[in-house]
Structure formats: C-alpha cells, structure tokens
Amino acid sequence: TERVVPGNKVIFLAIFSIRRVAGAGGRSQQMGVGLRKPYLRVVGVDVNNERSDQRGGTAFTPQEEEKFRILSSRPDVYDMVSRSIAPSIFGSLDIKRAIACQLFGG
C-alpha cells in the first residue's frame, strides 16, 4: 500500500454527505429537531510520490489554451462558471459562487 508523507501531492475523491447527530436532549429532542453534521466520505486516494515544486501536472494543448482565453474575455464568465457547478441542484447560487472562487482562487 502507498503511504502519504509530507511533500506528497494527494488527490482525494470524496462524497459530500450529511449525517444526523444526536442532540443534547431537552426540548429540541422532544420536538423532533435533528442536528446534522456534514462530512466527506473518501472513496479514493491518488498519491504522487514525486517530490516536485512544479504546480499542477496537467498540460494543455494550444487549442485548449485558446478556448480558455476566449472564455476569460467573456464579461459573464463568473456567472457562467457559477451556474455550471452542480446544475441539477436548483438555487444556492451564493454557495456555487463561493465554490467557483475556491476552485479558481490562488
């Protein structure tokens, strides 16, 4: 089995889930109000054992780079990317915008 050590680049494949946790009792427990706690269930781990200071590892073709340039020049790119995140989930646009900022932030 592979082991993760400091300096490794690791990619996790995970499922965002929510589980119900027991409350402290009292009135909320009697009323049926449930507390839920989000967690990530990791279903896959990819470990890169090469020590490197290079960022990323994906090489783009010149055609893909040109598509990125065209996309970046659109005035509505922020809204387009935000709407593209989890399109099957209606609403929650503020959360989708926050995810877009995290994905493309430095």
Side-chain angles (χ1 to χ4, degrees):
T1 63
E2 296 185 63
R3 298 185 71 90
V4 178
V5 296
N8 288 141
K9 291 183 179 180
V10 182
I11 298 174
F12 291 99
L13 177 61
I15 300 171
F16 179 79
S17 300
I18 298 175
R19 68 180 165 119
R20 189 171 177 195
V21 294
R27 186 171 174 90
S28 66
Q29 193 70 4
Q30 295 170 354
M31 295 175 61
V33 176
L35 299 175
R36 292 178 174 29
K37 183 175 183 177
Y39 69 97
L40 291 175
R41 182 170 32 144
V42 177
V43 294
V45 179
D46 183 21
V47 181
N48 183 357
N49 289 322
E50 296 176 15
R51 289 183 174 255
S52 173
D53 290 333
Q54 295 178 349
R55 295 189 67 187
T58 305
F60 296 107
T61 65
Q63 294 83 9
E64 290 172 325
E65 288 182 13
E66 183 59 29
K67 286 181 182 179
F68 287 135
R69 284 189 191 92
I70 293 170
L71 180 65
S72 69
S73 65
R74 291 180 57 163
D76 65 337
V77 67
Y78 179 58
D79 288 328
M80 187 185 73
V81 170
S82 299
R83 287 188 315 250
S84 299
I85 295 173
S88 62
I89 299 174
F90 179 76
S92 304
L93 190 58
D94 55 340
I95 294 172
K96 293 178 182 184
R97 286 179 176 160
I99 291 171
C101 288
Q102 290 176 342
L103 288 172
F104 293 97

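Summarising the geometry of Ile85 relative to Ile99, their closest heavy-atom pair is CD1-CG2, 3.8 Å, with the distance given to 0.1 Å. Listed here is the closest heavy atom pair of Tyr78 and Arg97: OH-CB, 3.2 Å.
Rounding to the nearest 0.5 angstrom, the gap separating the CG atom in Asp79 from the NZ atom in Lys96 is 12.0 Å. Separation of atoms OG (Ser72) and CD1 (Ile70) is listed at 9.0 Å; rounding is to 0.5 Å. Expressed to the nearest 0.5 Å, how far OG of Ser82 lies from CG of Leu103 amounts to 10.0 Å.
There is no path of hydrophobic side-chain contacts, each under 4.5 Å, that joins Ile11 to Leu13. Placement of Val42 and Val10 within a single hydrophobic cluster is found when ILVMFWY residues are connected by side-chain heavy-atom separations under 4.5 Å, directly or transitively. Under the 4.5 Å side-chain contact rule for hydrophobic residues, Tyr39 and Val45 do not share a cluster.
The hydrophobic side chain of Leu93 is isolated, with no ILVMFWY side chain under 4.5 Å apart from it.
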